[in-house]
Amino acid sequence: MPSPSPVTRSPALHGRDAEQDALLRLLDAARDGSGGALILRGARGTGKTAMLDVAAERAGESGDFFVLRVRGSEAESHLPCAGLHGLLRPIADRLPALPPAQAAALARALELGAVDGGLALPAAVLNLLAAAGGPVLACVDDVHHLDAPSREALFFAARRLTGEAVALLFGADDGTAVPDDIPAFELDALDKEAAGRLAGDLVPGLTDDVRASLLEIACGNPLALGELARSLSPEQLSGAAAPPETLPRGGRLWRAYADRLARLPGDTADMLLLLAADPDLETVTLLEAAEPRCALTVLEPAERAGVIVRVTDVAGDRYDFHEPAMRAVVYAGSSLARRRTAHRLLAGVLRHDHQRLRRAWHRAAAMDGPDESLADELAAAAAAAAGFQGGHPASFLAFERAAELTAHGDVKAARLAAAANRAWRAGLPRRARSLLARLHSLTISEEVRSQAELIRGSLELRSGKTGSAGDDLMSAAESLLDRDRGQAVRVFIRAGEASYLAGDNVRYLDIARRAATLRRPDDPAATQLMFEYLAGTAATFGGRHREAADPLRRVLELAPSVRTPSVLVWAGVAGLLLGDDAQAQRLFGRAVETARALGAVSTVPQVLEFMIQAEIWMGRYASIAASAVEGLRIAQERGRPNSAGQHLGWLALTAAVEGDEETCAIRAASAIELAGAHGLGVAGALGNWALAHLDLAAGRHADAAKRLRATSRSGGTGGHLVVRVMSTPHLVEAAARTGDRKAAERALRVLDRWVGSTRSPDRRALATRCHALLAAPGDAEEYFRAALDLHHQGFSEFETARTQLLFGSALRRNRRPGAAREHLHSALETFERSGARLWAEQARTELRGAGEAVRSSRPKATEKLTAQQYQIARIVADGATNREVAARLFLSPRTVEHHLRNIFTKLDIRSRVELVRLMS
């Protein structure tokens, strides 16, 4: 018999880690002679068959399993024993091995469909599976369509597999009655992350807008995603045509849903259409709209069929579709006349002020009046809705529909521009660009044109090229000056942000100088704050730190009088530049809370970019990882690749601190790639800094120095002033170790000027440490002790440990091992607590050099694992799922899955059971 090979999860089955682990455990147990059964139950298209396919594939790959499969057929469900015939035919030649009575009963069942009753037939099925000659995997799909005798015999066998080398897997539709005493897994809809990864696998290079549309329609159903992906036209893939709005007609899911709906009474179908036309419909409103068919008993057939469920939550009492993808089938499958009737009924019962947008939407959908009148009503309702209003309908759709109903060119253009703005804020940049493109065919006023330039510039700032963003925003700012001076100054700040992201300090200073010529003594507080912000940041970027202090303090003084997320961010940046990191962090935290309260989730990643800077200075790497993971997730969901690039850079840096070389390299490469594509100097510089930190931790000082010199370039995708200053302590350390004293002194002069204008003990400690590295041997100790005194006044335990490591190393080289060990022990404790593997190894090496034996706390068998892999192995051995590991370590489940496969390979194990045994 071939030796068994390890079985691993399929990377193609996204979001099914726990279910795959259960399947693999079942296979391992069957191979060891202690089999069992498992039922996979879920709605149509949730992946039951794919899970059975994976189990069969893995069992087949191992070379020692005998795999049997059958699929229940509705057409054969009336034929007794048809399922057993399909499953057991391949091993029917083993019937003589059974007791005669059982063999005879099973032979009659397979040949004639004859069932005598009693135990003979089910016992024969169990014994035949056990006598197949090796471990057996039997997969029974669509068990709900199996004939009753086959189903009963297989469930009988499933309860009695303990001690047998047999694994029985069943796939059953949601709602199927299955035995309670057989383990079952419910296959729910995929979460958004897993569905997004699946969509990316199905259609590589999918645009953000098309992906968002597919995810919204599919509602986490893998089959729906597959059918939608295959239905996309070349124009839809490129973004030239609108993405699909429903499941493809004629697809398996559409046909299955339509078949279930066709079996319902007509009154029930009418009620379902009302539910489909308004996802936010409350039960009381549904009843009023459905008069005179107001009795809820009309919906009972749909409830019994599993089409709808009753939901009670904070939004009230309502009905919802059990399978969300069915909503679009109900709506799109109805005639235009029926849909208009439904919308007219709904418009008539939505009378409250807070229902104004929904009422206007339904009136427009029913065409209940002249086009222009409906367009005005709908646009006014959309404009009155909160800027980040959620629910049904999305305000960008309302503006778009109003534009379609509008004949006048300039009004139509203004509504398209408003739709583009709302789509952009909803995280649909491609949709926003498509709406803006429709303006080219219209004759529009200068006011609408400048509005479009502003939206286009904002789009480029967050999801396009920073150079183009700066041009569009400057043009929009100049055109706004005569109409809305306050808004114009705000746009100047956005143009400056584009230059900041690109690392173009020269252009930033030009923008600040242009804005300064526009100041007036009678400016309101909000406008004064913006001018002070530009003046203070420009002075800082120009190296005039003492000149910057007054306008930056003025920003902090004016901030309480203006309460918006952007003002809180500017105040936080002012705190950062003044060196008050704790206050900056508080202000950024308030900005995040305010943005969420306003529904402005899309702005959260930008706020977190700056919050992380405060956390870096304070050495709070666990918080940095959490903030960057959240920022990256929202940026990817909302179509903000420029922000995603920065968060990838920060995550690369946290991986470098942990000594996880593989993860750091992947994240840094992604950040640098985005930097090159979008002109992001800051993201490129962060990626280089992370790789340099890793080099420094690994003792590759020359490589670190080379990378860090790249961050000192002005402009381009590798350099950025802020990152250059923040990475100066690493550059000085690397340059001092490689003898490049001039480069170290040049960089330190810039850091000294900035640090000297602040009262931050953390920053002053870092600068003092740099002086210690460059000082003569007799003076270095005084600098190191001064640096440690400052560290103890600040927040950063990690940087304190780094200073202790460098001080201990210097003391050891000066032949003072006893004094060195005190600092090295303290550094080692901090590094081990932080999971900083490479820095901890440096501390151990120094301790050994100081005459002390130091051992690793790991089990010997795991020494070949990296720090990240060892950490994952420990958490998995404690019983955590991949998703739980990902949440604890701020990784994606996909990355955890990748690491776990490498762990199994390195340790030469096949299962989590073996991992637990090894780790214990």
Side-chain angles (χ1 to χ4, degrees), residues 2-36 38 51 54-55 57-65 135 137 162 165 167 169 183 185 194 655 658-663 666 832-838 840-841 855-920:
S3 60
S5 59
V7 288
T8 57
R9 289 196 303 271
S10 167
L13 282 180
H14 299 293
R16 300 294 188 219
D17 291 355
E19 294 86 346
Q20 289 192 72
D21 286 344
L23 295 186
L24 299 181
R25 285 195 299 270
L26 187 64
L27 292 179
D28 283 342
R31 180 185 287 109
D32 293 338
S34 182
L38 184 65
M51 295 290 293
V54 165
E57 180 183 344
R58 294 297 179 263
E61 285 176 355
S62 69
D64 56 345
F65 268 88
L137 170 64
T162 303
L169 282 177
F185 252 113
E658 294 168 357
D660 183 356
E661 300 197 47
E662 184 179 12
T663 302
I666 292 171
E832 287 185 330
R833 188 168 60 248
S834 305
R837 178 181 68 92
L838 294 177
E841 193 53 45
R855 291 184 178 180
S856 172
S857 59
R858 286 190 185 190
K860 186 173 180 61
T862 66
E863 288 179 357
K864 60 185 74 175
L865 300 180
T866 67
Q868 183 89 323
Q869 289 170 345
Y870 179 67
Q871 194 174 19
I872 289 170
R874 280 196 299 106
I875 299 173
V876 169
D878 288 338
T881 65
N882 283 13
R883 189 163 298 282
E884 290 166 342
V885 176
R888 285 175 62 177
L889 299 183
F890 310 108
L891 300 171
S892 72
R894 192 174 191 176
T895 300
V896 173
E897 182 178 307
H898 170 75
H899 279 306
L900 201 54
R901 284 200 299 272
N902 289 338
I903 290 167
F904 278 31
T905 300
K906 285 184 176 182
L907 299 181
D908 193 24
I909 58 176
R910 295 191 307 237
S911 68
R912 293 183 177 224
V913 175
E914 291 180 75
L915 181 62
V916 171
R917 192 179 304 125
L918 186 67
M919 296 298 290
S920 62

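Note: hydrogens, waters and symmetry copies are ignored here, and every other heavy atom, side chains too, is used.
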Side chains of [X] and [Y]: closer than 4.5 Å at any heavy-atom pair?
{"X": "Phe65", "Y": "Arg31", "result": "yes"}
{"X": "Thr663", "Y": "His899", "result": "yes"}
{"X": "Asp21", "Y": "Thr881", "result": "no"}

So, are Arg25 and Asp28 salt-bridged, with charged N and O less than 4.0 Å apart? no
Please enumerate all residues that pass side-chain contact (heavy atoms from CB on, under 4.5 Å) together with [X], with sequence neighbours excluded.
{"X": "Ile666", "result": "Glu662"}
{"X": "Ala29", "result": "none"}
{"X": "Glu661", "result": "Leu694, Arg700, Arg837, Leu838"}
{"X": "Ala840", "result": "Leu828, Phe831, Glu832, Arg844"}

Going by the rule side chain to side chain donor-acceptor pair (under 3.5 Å), which residues pair with Asp32 if we only count those two or more places apart in sequence or in a different chain? none
Locate the shortest heavy-atom distance separating [X] from [Y]; write the atom from each residue and the value.
{"X": "Ala873", "Y": "Leu915", "answer": "O-CD2, 3.9 Å"}
{"X": "Ala167", "Y": "Leu26", "answer": "CB-CG, 3.8 Å"}
{"X": "Ala55", "Y": "Leu27", "answer": "O-CD1, 3.9 Å"}
{"X": "Ala18", "Y": "Phe185", "answer": "O-CZ, 4.0 Å"}
{"X": "Gln869", "Y": "Ile903", "answer": "O-CD1, 3.2 Å"}

Salt bridge (charged side-chain N to carboxylate O under 4.0 Å, His left out) partners of Glu19, counting only residues at least two apart: none
